[in-house]
Enquirer: 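Okay, handing you the structure first.
Below, chains carry the letters A, B, ... as their sequence lines are ordered, and counting in each starts from 1.
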There are 2 protein chains.
Amino acid sequence: MITFLFCEKLIVFMIADVHIELKEGVADPEGESTLKALRLLGYKRVKKVSSVRVFRIEIDTKSKEEAEKEIKEICERLLANPVIHRYRINWIG
Amino acid sequence: MITFLFCEKLIVFMIADVHIELKEGVADPEGESTLKALRLLGYKRVKKVSSVRVFRIEIDTKSKEEAEKEIKEICERLLANPVIHRYRINWIG
């Protein structure tokens, strides 16, 4: 009798921070109004405020490459608008 | 005649990323609806999505300590709600 031993790759749990930033030249009303509020509160030395959205994604995967591919796809399909946003992925731990 | 030479400290330009996160146990409707949308799109291996706001602040200052103190004050007065948020400051460059 022959026994086949299937050695499946382990599923690992990974966490990525996906930073969604506005491209250069795109208006950032949230950053601008924050800057205006800071000026009104007397913080004259603050020169610029920009807003960035971060999504922390926890994912089960077989490898970092596979997870990176999936998260890139998620950014392009759902999280970022390629006309106005650029994104970068930061792995945690 | 005595000449006094006042040696003023140089003003330097610094950039900080201020991360405003929800405290443990606080509902995150944006993260939850993003997770729901990802499940509907077929990304079953994504286990959790949390949203974080980041403000990139560009500030003129005489020292890092002074800028850190000012940015902490800004967080407490304007950017973060201490009941539901915690914040951390990341210096860039």
Side-chain angles (χ1 to χ4, degrees), chain A residues 11-22 24 28-64 66-80 87-90 92, chain B residues 11-22 24 28-64 66-80 87-90 92:
Chain A
I11 298 285
V12 289
F13 173 74
M14 296 190 82
I15 302 177
D17 271 356
V18 179
H19 295 247
I20 314 280
E21 293 176 335
L22 287 164
E24 278 306 314
D28 178 7
E30 192 176 356
E32 283 161 25
S33 56
T34 307
L35 178 64
K36 215 175 278 176
L38 289 176
R39 292 277 165 82
L40 288 172
L41 286 169
Y43 299 100
K44 305 287 184 202
R45 288 181 298 183
V46 176
K47 295 299 162 210
K48 194 181 170 196
V49 180
S50 335
S51 70
V52 180
R53 273 237 79 78
V54 178
F55 292 94
R56 175 159 294 177
I57 298 180
E58 302 178 15
I59 191 168
D60 280 343
T61 183
K62 284 178 190 162
S63 70
K64 194 176 167 182
E66 197 191 71
E68 184 125 3
K69 197 177 148 215
E70 191 156 332
I71 288 181
K72 274 186 182 165
E73 204 184 288
I74 285 171
C75 289
E76 278 151 32
R77 287 185 73 184
L78 188 77
L79 303 181
Y87 65 86
R88 66 189 162 82
I89 301 165
N90 254 14
I92 294 177
Chain B
I11 299 283
V12 288
F13 173 75
M14 296 190 81
I15 303 177
D17 271 355
V18 179
H19 295 247
I20 314 279
E21 293 176 335
L22 288 164
E24 278 306 313
D28 179 6
E30 191 176 357
E32 281 161 27
S33 56
T34 306
L35 179 63
K36 214 176 280 176
L38 288 176
R39 290 279 165 81
L40 288 172
L41 286 169
Y43 299 101
K44 305 288 184 200
R45 287 180 299 183
V46 176
K47 294 299 162 208
K48 195 181 169 194
V49 180
S50 334
S51 69
V52 181
R53 273 237 80 79
V54 178
F55 292 94
R56 175 160 293 179
I57 298 180
E58 302 178 15
I59 190 168
D60 280 343
T61 182
K62 283 178 190 162
S63 70
K64 193 176 167 183
E66 198 190 71
E68 182 125 3
K69 198 178 146 215
E70 190 156 332
I71 288 182
K72 273 186 183 166
E73 206 182 287
I74 285 172
C75 289
E76 276 150 33
R77 286 184 74 184
L78 187 77
L79 303 181
Y87 65 86
R88 66 188 162 82
I89 300 164
N90 255 14
I92 294 176

Enquirer: Distance from K47(B) atom NZ to L38(B) atom CG, nearest 0.5 Å?
Expert: 12.0 Å

Enquirer: In Å and rounded to the nearest 0.5 Å, what is the CD to CG distance from E24(A) to L22(A)?
Expert: 10.0 Å

Enquirer: Chain A: which of E70(B), E73(B), R45(B) shares the most heavy-atom pairs with it under 4.5 Å?
Expert: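 Top count of heavy-atom pairs under 4.5 Å with chain A: R45(B).
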
Enquirer: Does the pair E32(A)/K48(A) count as a salt bridge with the N-to-O cut at 4.0 Å?
Expert: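 Between K48(A) and E32(A) there is no salt bridge, as every charged N stays at least 4.0 Å from the carboxylate O atoms.
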
Enquirer: Is L78(B) close to chain A through its backbone or its side chain, or both, or neither, when contacts mean heavy atoms under 4.5 Å?
Expert: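 Only the side chain of L78(B) comes within 4.5 Å of chain A.
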
Enquirer: Please identify which of these residues, I15(B), V54(B), D17(B), meets the side-chain contact (heavy atoms from CB on, under 4.5 Å) condition with N90(B).
Expert: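 Only match with N90(B) under side-chain contact (heavy atoms from CB on, under 4.5 Å): D17(B).
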
Enquirer: Using non-hydrogen atoms only, which part of I71(A) is less than 4.5 Å away from chain B: side chain, backbone, both, or neither?
Expert: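 No part of I71(A) comes within 4.5 Å of chain B.
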
Enquirer: So for E21(B), is it side chain, backbone, both, or neither that comes closer than 4.5 Å to the heavy atoms of chain A?
Expert: side chain

Enquirer: Would C75(B) and V18(B) satisfy side-chain contact (heavy atoms from CB on, under 4.5 Å), going step by step from the backbone distance to the final call?
Expert: CA-CA 8 Å; C75(B) 289; V18(B) 179; 3.4 Å; yes

Enquirer: Between L79(A), V46(A), L35(A), who has the most heavy-atom pairs with chain B when the cutoff is under 4.5 Å?
Expert: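 Highest number of heavy-atom pairs under 4.5 Å: V46(A).
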
Enquirer: If we define contacts as heavy-atom pairs under 4.5 Å, which of G31(A), A67(A), S50(A) has the most with chain B?
Expert: S50(A)

